Amino acid sequence: MSRVALVTGGSRGIGAAISIALKNAGYTVAANYAGNDEAAAKFTAETGIKTYKWSVADYDACVAGIAKVEADLGPVDVLVNNAGITRDAPFHKMTREQWKEVMDTNLSGLFNMTHPLWPGMRDRKFGRVISISSINGQKGQFGQANYSAAKAGDIGFTKALAQEGARAGITVNVICPGYIATEMVMAVPEKVRESIIATIPVGRLGEPEDIARCVVFLASDEAGFITGSTITANGGQYLT
Ligand code: CAA
């Protein structure tokens, strides 16, 4: 029987590419999404991948959503914490709401999704937790004190949890994409975006599939010795 993978924010952007790549690799995939019903319906129609609506910022909604996915598809073996938002503003203009929204989704979302799935993974002695952080959690970014802090937190979360999961056959890893051609990056003002692309040695934005391939590898049995690691995929823009 194929393993079940749950991808948060899995119907658009990088998450959609991850859902599709995992499906193509033989997983039964559930794609969570928070708000865009139209995009989710289109994604399901095009890919056959089931979509489930809840906010990763809401713990109780995560518990209920995961229960529904597991009732439909079986126990989740692979969790991809991909859902993320931006609320960019220079710090002197940043509101508490902008801080909180980003923290709740991009950092607490990892707790909210991983915590309910963790006991089952421990019992079954197998699990893969793969989180999508960002280059901006590694290097910081003007206008993203909230986002950079949350994404750096994702890396710390991974390093701590990897140590706890190791003996139970659970690997926990994080991927730091650079600037990928998605709606999120296209929302950055064009002049700013062009100046960012000029700093990417490979000379282009990444493709969502560049990140999806990393996820498929980390999810595989062959990657069982890799845990607590940070995979950097940014076209050489920032070297760690
Ligand atoms: N370094 C130094 N100064 C900068 C700067 C930078 N990187 N970016 C902007 N500034 C300066 C501007 O030149 C301007 O200076 P002046 O006032 O002297 O002209 C000032 O900062 C900006 O002031 P504004 O009042 O115009 O600021 P704003 O309210 O319009 O907001 C911003 C600016 C929201 C930060 C905007 O510059 C922006 O969106 N920047 C992009 C941030 C970014 O890269 N976000 C990544 C989104 S994609 C993503 O997050 C995915 C991922 O993981 C990679």
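Bear in mind the structure is a predicted one, so any value in this text is a computation, not a measurement. All ligand and atom numbering here is 1-based and tracks the order in the structure.
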(message) Within ligand 1, which atoms have a heavy atom of Met184 less than 4.0 Å away?
(response) 49 (C), 51 (C)
(message) Checking a contact table here: which protein heavy atom is nearest atom 41 (C) of ligand 1, and how many Å away?
(response) Val192 CG1, 3.6 Å
(message) Is atom 6 (C) of ligand 1 touching the protein, meaning some protein heavy atom lies under 4.0 Å away?
(response) yes
(message) In the complex you have, is atom 2 (C) of ligand 1 within reach of the protein, judged by whether a heavy-atom distance drops under 4.0 Å?
(response) yes
(message) Is atom 27 (O) of ligand 1 touching the protein, meaning some protein heavy atom lies under 4.0 Å away?
(response) yes
(message) As a test of the contact definition, would atom 19 (O) of ligand 1 count as having a protein heavy-atom neighbour under 4.0 Å?
(response) no
(message) To the nearest 0.5 Å, what is the distance between CD1 on Ile18 and CD on Glu209?
(response) 10.0 Å
(request) Begin from the C-alpha positions of Lys159 and Thr230 and carry the test side-chain contact (heavy atoms from CB on, under 4.5 Å) through to its verdict. (result) CA-CA 9 Å; Lys159 290 180 176 179; Thr230 305; 4.2 Å; yes
(request) Note the single closest protein heavy atom to atom 11 (C) of ligand 1, along with its residue, its atom name and the distance in Å. (result) Phe142 CZ, 3.7 Å
(request) Flag the pair Leu205 / Met186 as yes when at least one side-chain heavy-atom distance between them is below 4.5 Å, and no otherwise. (result) yes
(request) Report, in ascending order of atom number, the atoms of ligand 1 lying under 4.0 Å from any heavy atom of Asp88. (result) 42 (C), 43 (C), 45 (N), 46 (C), 47 (C)
(request) Using a strict cut-off of 4.0 Å, indicate which atoms of ligand 1 neighbour a heavy atom of Ile196. (result) 44 (O)
(message) Tell me whether Val4 shares a hydrophobic cluster with Leu79, the cluster being built from Ile, Leu, Val, Met, Phe, Trp, Tyr side chains joined at under 4.5 Å.
(response) yes
(request) Can you sort out which atoms of ligand 1 are near Ser134, meaning under 4.0 Å from one of its heavy atoms? (result) 52 (C), 53 (O), 54 (C)
(request) From the options Gly143, Ser133, Pro189, select the one whose nearest heavy atom is closest to atom 39 (O) of ligand 1. (result) Pro189
(request) Ignoring hydrogens, tell whether any protein atom lies closer than 4.0 Å to atom 22 (C) of ligand 1; use the non-hydrogen atoms only. (result) no
(request) Provide the number and element of each atom of ligand 1 under 4.0 Å from a heavy atom of Thr86. (result) 50 (O)
(request) With heavy atoms of Asn136 as the reference, note each atom of ligand 1 found under 4.0 Å away. (result) 54 (C)
(message) Quick check on atom 30 (O) of ligand 1 - does any protein heavy atom sit closer than 4.0 Å to it?
(response) no
(request) Without swapping roles, check the side chain of Thr51 against the backbone of Asn32 for a donor-acceptor pair under 3.5 Å. (result) no
(request) Side-chain contact test, heavy atoms from C-beta onward, threshold under 4.5 Å: evaluate it for Asn173 versus Phe217 and give yes or no. (result) no
(request) Report the nearest protein non-hydrogen atom to atom 46 (C) of ligand 1: residue, atom name, distance rounded to 0.1 Å. (result) Gln144 NE2, 3.4 Å
(message) Tell me the protein heavy atom at minimum distance from atom 24 (P) of ligand 1, and give that distance in Å.
(response) Lys93 NZ, 3.7 Å
(request) Give the intermediate values and the outcome of side-chain contact (heavy atoms from CB on, under 4.5 Å) for residues Glu70 and Leu117. (result) CA-CA 10 Å; Glu70 294 199 321; Leu117 286 169; 3.5 Å; yes
(message) By the definition side-chain contact (heavy atoms from CB on, under 4.5 Å), identify the one residue from Thr171, Val80, Ile175 that meets it with Leu218.
(response) Ile175
(request) Among all protein heavy atoms, pick out the one at the shortest distance from atom 44 (O) of ligand 1; state its residue, atom name and that distance to 0.1 Å. (result) Tyr179 OH, 2.9 Å
(message) If you take the nearest heavy atom of each of Gly84, Ser148, Pro90, which one is closest to atom 33 (C) of ligand 1?
(response) Pro90
(message) I need the Tyr147 OH to Met184 CE distance, nearest 0.5 Å.
(response) 4.5 Å
(message) Strictly distance-based, threshold 3.5 Å: is any side-chain N or O of Asn146 a donor or acceptor partner for the main-chain N or O of Gln98?
(response) yes
(message) Please check: side-chain N/O of Thr158 versus main-chain N/O of Val172, any donor-acceptor pairing under 3.5 Å?
(response) no
(message) Within the structure provided, determine whether Ile155 and Cys176 are in side-chain contact (heavy-atom separation under 4.5 Å).
(response) yes
(request) May I ask you to identify the nearest protein heavy atom to atom 48 (S) of ligand 1, giving residue, atom name and distance to one decimal place in Å? (result) Val185 CG2, 3.8 Å
(message) For atom 50 (O) of ligand 1, is there a protein heavy atom at a distance under 4.0 Å?
(response) yes
(message) Using 0.5 Å steps for rounding, measure from the CG atom of Asp88 to the CZ atom of Phe142.
(response) 11.0 Å
